[in-house]
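Since this is a predicted model, take the numbers as computed values, not measurements.
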Amino acid sequence: MSLSEKFIVLPFKKVRGNLAPGEMRQASNPVAAERIAESMAGRFVGVAAYSVMVDMETGDMTSPRVLCRFGETCDVAA
């Protein structure tokens, strides 16, 4: 198993009164992830930037770690 650290930004929106994740964006480093999240914050009910470990063979993401969050977000590890 080959793991690699990746940085993602996940916006959240309200769907029928519940929080739902939007389209994930990848960032090149943690600073870029935080900058992207901050720039998206005004357009969504919530945005979070994460560091995740990705299995390069399967594409599975594990060990999400919050880098920053704005507004309403939910736990992606649940």
Side-chain angles (χ1 to χ4, degrees):
M1 179 164 70
S2 172
L3 292 177
S4 177
E5 185 177 31
K6 300 290 182 182
F7 306 97
I8 60 170
V9 178
L10 194 58
F12 293 88
K13 54 190 173 185
K14 289 275 187 173
V15 177
R16 290 188 277 263
N18 296 315
L19 276 180
E23 187 176 330
M24 177 177 47
R25 290 190 53 186
Q26 189 167 330
S28 56
N29 59 59
V31 173
E34 290 179 27
R35 193 168 40 245
I36 292 167
E38 187 173 11
S39 72
M40 293 172 70
R43 299 189 308 268
F44 295 92
V45 296
V47 181
Y50 299 92
S51 164
V52 295
M53 297 307 293
V54 178
D55 181 326
M56 299 310 285
E57 295 169 11
T58 65
D60 291 340
M61 287 189 258
T62 60
S63 307
R65 183 174 53 89
V66 176
L67 300 173
C68 69
R69 65 177 69 206
F70 300 91
E72 291 183 64
T73 62
C74 57
D75 186 5
V76 296

Rounded distance [0.5 Å steps], [atom1] in [X] versus [atom2] in [Y]:
X     : Y     : atom1 : atom2 : result
Cys68 : Glu34 : SG    : CD    : 4.5 Å
Met24 : Ile8  : CE    : CD1   : 5.0 Å
Tyr50 : Arg65 : OH    : CZ    : 12.5 Å

Of all residues at least two apart in sequence or in a different chain, which pass the side chain to side chain contact (heavy atoms under 4.5 Å, CB included) check with Ser28? Ala32

With hydrophobic residues grouped by side-chain heavy-atom distances under 4.5 Å, do [X] and [Y] end up in a single group?
X     : Y     : result
Met61 : Leu10 : yes
Val66 : Val52 : yes
Ile36 : Phe44 : yes

Would one find more than 12 heavy atoms of other residues, nucleotides or ligands at under 6.0 Å from atom CD of Glu5? yes

For Lys13, does the NZ atom sit with more than 12 other heavy atoms under 6.0 Å from it, leaving out its own atoms? no

Between Val9 and Val47, is the side-chain contact (heavy atoms from CB on, under 4.5 Å) condition met? List the steps. CA-CA 7 Å; Val9 178; Val47 181; 3.6 Å; yes

Could you please spell out the steps behind the side-chain contact (heavy atoms from CB on, under 4.5 Å) verdict for Val45 and Leu19? CA-CA 8 Å; Val45 296; Leu19 276 180; 3.5 Å; yes

Minimum heavy-atom distance Pro11-Glu23, with the two atoms named: CD-O, 3.2 Å

At their closest point, which heavy atom of Ala33 faces which heavy atom of Leu67, and how far apart are they? CB-CD1, 4.1 Å

